[in-house]
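As the structure lists them, so they are numbered: ligands from 1, and atoms in each ligand from 1.
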Amino acid sequence: MTAEYKVHGDVAVITLTNPPVNGLGLSTRIGITEGLEKANNDTTVKAIVITGGGKAFSGGADIREFGSPKAIQEPNLLSVIRACENSAKPVVAAIHSVAMGGGLELALGCHYRIAAPGTSIALPEVKLGLIPGAGGTQRLPRVIGVEPALNMIVSGEAIKSEMLAMLPGQKLFDAMAQSAESLPEEALGLARKVAAAHADGSPLPLVRNLPCKHPQGDAYFQFTRNMVKGMAKNLPAPVKCVDAVEAATKKKFEDGMLVERDIFMNLMLTPESRALRHIFMADRAASKIPDVPADTPKRDIQSIAVIGAGTMGGGISMNFLNAGIPVKILEMKQDALDRGVATIRKNYEAQVKKGKLKQEKYDERMALLSTTLSYDDIGQADLVIEAVFEEMGVKEAVFKKLDEVMKPGAILASNTSTLDVNKIASFTKRPQDVIGMHFFSPANVMKLLEVVRGAQTGKDVLATVMAIGKKIRKTSVVSGVCDGFIGNRMIEQYSRQAGFLIEEGCTPAQVDKAVEKFGFAMGPFRMGDLAGNDIGWAIRKRRYTEKPDLKYSKTADLLCEMGRYGQKTGAGWYDYQAGKRDAIPSPVVVEMIEKHRAALGITARKISDEEIVQRLVFSLVNEAAHILEEGIASKASDIDMVYITGYGFPFWRGGPMNYADTVGLFNVAEAMKRFAKNPHDDAQFWQPAPLLARLVAEGKTFN
Ligand code: NAI
């Protein structure tokens, strides 16, 4: 049982004991209903307190039960809340730390509520593509008012208890405790007080009986609905929050509850909610590595050294400064250091100007930053991250030096995006301490961190880097060593398809539009212009000698030969006006493509948006299936996290693998077979990867 029952004099206290956040799993729910029954049968008990042990009142549903029969088994949350309401003896919720989702709904089913200051109060269901399903949309407006309640429900954001306590006329809290420490005593006091007040048998207050009205009713809801629709383009849940709260103001309580239930059940089945729930779980799963147990010892990381103060070195440093960890940057020349530090300053100053960063914080962060030209100064760092030029010779020199100067036990990381981490490790006599930390540009902004596990990387090193990734608030995903790791290896196939599409008849703008309509932040050609088309060019030049049989469209090379590297040269796949980032379709580029097509003897054909999207997205999926099979990624959900956090894949589609599962892998494989028959495409590539073929044969999914 994960709820404890104790009698303190004439008050029974039910304490939820389901760490970490007292999720309302089956055994906790049983504990609450049994406790209520016991208390009601005990003549010495006059009142009941429900509270949470440890670090929360309750964080809501128990995510470990998601999708299992236990999640809805009786007593379900609605029944537990009903048991609270029906208790003949007053039930007081003593709330502290966290009361979210089902936890808040439970509290709203109690007769009285007392809260400690600093408690985070939220109905975050919308973040999973749902609405609250146990009366939250019907009860919260009754205690804090329609507008504040709807704001909380639509945003899912937490608000501190003391802020809510200040709302005029609020009935959410009957009392605020002095502190979390004094809450248990004060809750007992409140319980005794209300027991005495109801000793005469007067009815106990129920939130459901409170009125719920909005003075501008229809106009307010219409306005809000339009606004929410505009903001939540691809997500159905936010607008449904408006519907549910509107029902609270227009229907009897029980009828409003039915509206809420109905909406909840329907949302549960939407692909968007499935995708959001998938991401929620995938995010948590990413930090779990099959052969690295959670209790693997970690090394202590108190200080960082960064080699190279360029684009990446500066951004990487900022992550650690933001987390309060001192950073020392090493460069070859003073002016490079000065430039690097100036860029960091400029970034922070922009944040200060926008009011996003306080001056003191900025000062604190800059005080943690130091620089050096000498390796003698960095030997004591616990973790060193190399971000120098992308050349094996340069990496070799740096890692040999690091091997000489770094203290034993220091972790040596490389930010390389294309080089072999095992080779880099071999430059040292401590390959177990070497690892890849592949940040994405801009490194202080992008959420993704690919943690590249070398053949000899120590488990403790891996565990430590995953933990530090969490500390700097990255989504860390483990990748094995291969060319491009997870993300870039897949994007190469996607880029190849984009090239074939323009050879066959598309314009860059048409491809970009189709992909952006699908939900990508940016299509492949706008992306190329932003990142610099010369980067792909360099990689292709290498491929032409490494893999001479691999087919590429020549168009991207022709573009680079014209000097059109992208935004940085003012022209790429698109034209750009000075100082602006708007991509203007370029007649010169279209002409280049048409000439090239003619030279190949291809007659342009009209390609549907559906085909464009399928070829691009399924190319990611097929390469990902190879990546999974080779063990480069340990689970499909990791690949989804890489694409959502690093490559602008629409999060509400749950990542490429989740999307493929939604489409059905049979359909995905059928499409691939069709594409393989296209003489202008790469038939070899479109053979479904063995893993994909196996899953199709077994009727299974990736996730
Ligand atoms: P960058 O050219 O902006 O910066 C490199 C810096 O390293 C320069 O300031 C240079 O002076 C310094 N440097 C070169 N050799 C050095 C040495 N021996 N000792 C000390 N400092 C040295 O390059 P960027 O873009 O920051 O890339 C650095 C690394 O990050 C490369 O391995 C690159 O592949 C990787 N990377 C780059 C991404 C990007 O989008 N730019 C994304 C992910 C990884």
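Remark: atom 23 (O) of ligand 1 lies closer than 4.0 Å to no protein heavy atom.
Of the N and O atoms on the side chains of Gln351 and Asn347, not one donor lies less than 3.5 Å from an acceptor on the other residue. Counted by atom type alone, Gln497 and Asp681 present one or more donor-acceptor pairs between their side chains at under 3.5 Å.
Closest protein heavy atom to atom 30 (O) of ligand 1: Asn415 ND2, 2.8 Å. Of the protein's heavy atoms, Ser441 CB, 3.2 Å lies nearest to atom 40 (O) of ligand 1. Distance from atom 5 (C) of ligand 1 to its nearest protein heavy atom, with residue and atom name: Ala387 O, 3.6 Å. Remark: minimum distance from atom 2 (O) of ligand 1 to any protein heavy atom is reached at Phe389 CE2, 3.5 Å. The protein heavy atom nearest to atom 4 (O) of ligand 1 is Gly310 CA, 3.2 Å. Among all protein heavy atoms, the one lying closest to atom 43 (C) of ligand 1 is Phe439 O, 3.1 Å.
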Give every donor-acceptor pair under 3.5 Å between a side-chain atom in residues 461-472 and any protein atom, sequence neighbours left out.
from, atom 1, to, atom 2, distance (Å)
Thr464, OG1, Arg299, N, 2.9
Thr464, OG1, Asp460, O, 2.5

Is there a side chain to side chain contact (heavy atoms under 4.5 Å, CB included) between Ile307 and Lys401 once you walk through the steps? CA-CA 11 Å; Ile307 316 294; Lys401 192 73 198 171; over 6 Å; no
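Between Glu504 and Arg615, at least one side-chain N (NZ, or NE/NH1/NH2) sits under 4.0 Å from a carboxylate O, which counts as a salt bridge. The pair Glu396-Lys400 meets the salt-bridge criterion, with a side-chain N (NZ, NE, NH1 or NH2) lying under 4.0 Å from an Asp/Glu carboxylate O.
Neither the backbone nor the side chain of Lys333 has any atom closer than 4.0 Å to an atom of ligand 1 (non-hydrogen atoms only). With a heavy-atom cut-off of 4.0 Å, Phe440 does not touch ligand 1 at all. Residue contacts with ligand 1 for Ile307 involve side-chain atoms from C-beta outward but no N, CA, C or O (heavy atoms, distance under 4.0 Å).
Across the listed options Met312, Lys401, Glu386, Glu391, Met312 owns the non-hydrogen atom lying nearest to atom 37 (C) of ligand 1. When the heavy atoms of Val398, Val388, Val394 are ranked by distance to atom 31 (C) of ligand 1, first place goes to Val388. Looking at Glu390, Met446, Met437, Glu450 and measuring to atom 33 (C) of ligand 1, the nearest heavy atom belongs to Glu390.
Of the candidates Tyr647, Tyr494, Tyr643, Tyr494 is the only one forming a ring pair (Phe, Tyr, Trp, His ring centres under 6.0 Å) with Phe520. Tested against His596 for a side chain to side chain donor-acceptor pair (under 3.5 Å), the candidates Glu503, Glu591, Lys554 yield a single pass: Glu503.
Remark: distances from the non-hydrogen atoms of Ala397 to ligand 1 are all 4.0 Å or more. A heavy-atom separation below 4.0 Å is not found between Arg339 and ligand 1.
Applying the side-chain contact (heavy atoms from CB on, under 4.5 Å) test to Lys346 and every residue at least two apart in sequence or in another chain returns nothing.
Considering backbone and side-chain atoms alike, Glu331 places an N or O below 3.5 Å from some N or O of ligand 1. By the 3.5 Å distance cut-off applied to N or O atoms, Lys395 is counted among the residues near ligand 1.
Cation-pi check for Arg496 over Phe685 is met; the charged atom lies under 6.0 angstrom from the ring centroid and within 45 degrees of its normal.
By the 30° and 60° cut-offs, the orientation of the rings of Phe649 relative to Phe518 is perpendicular.
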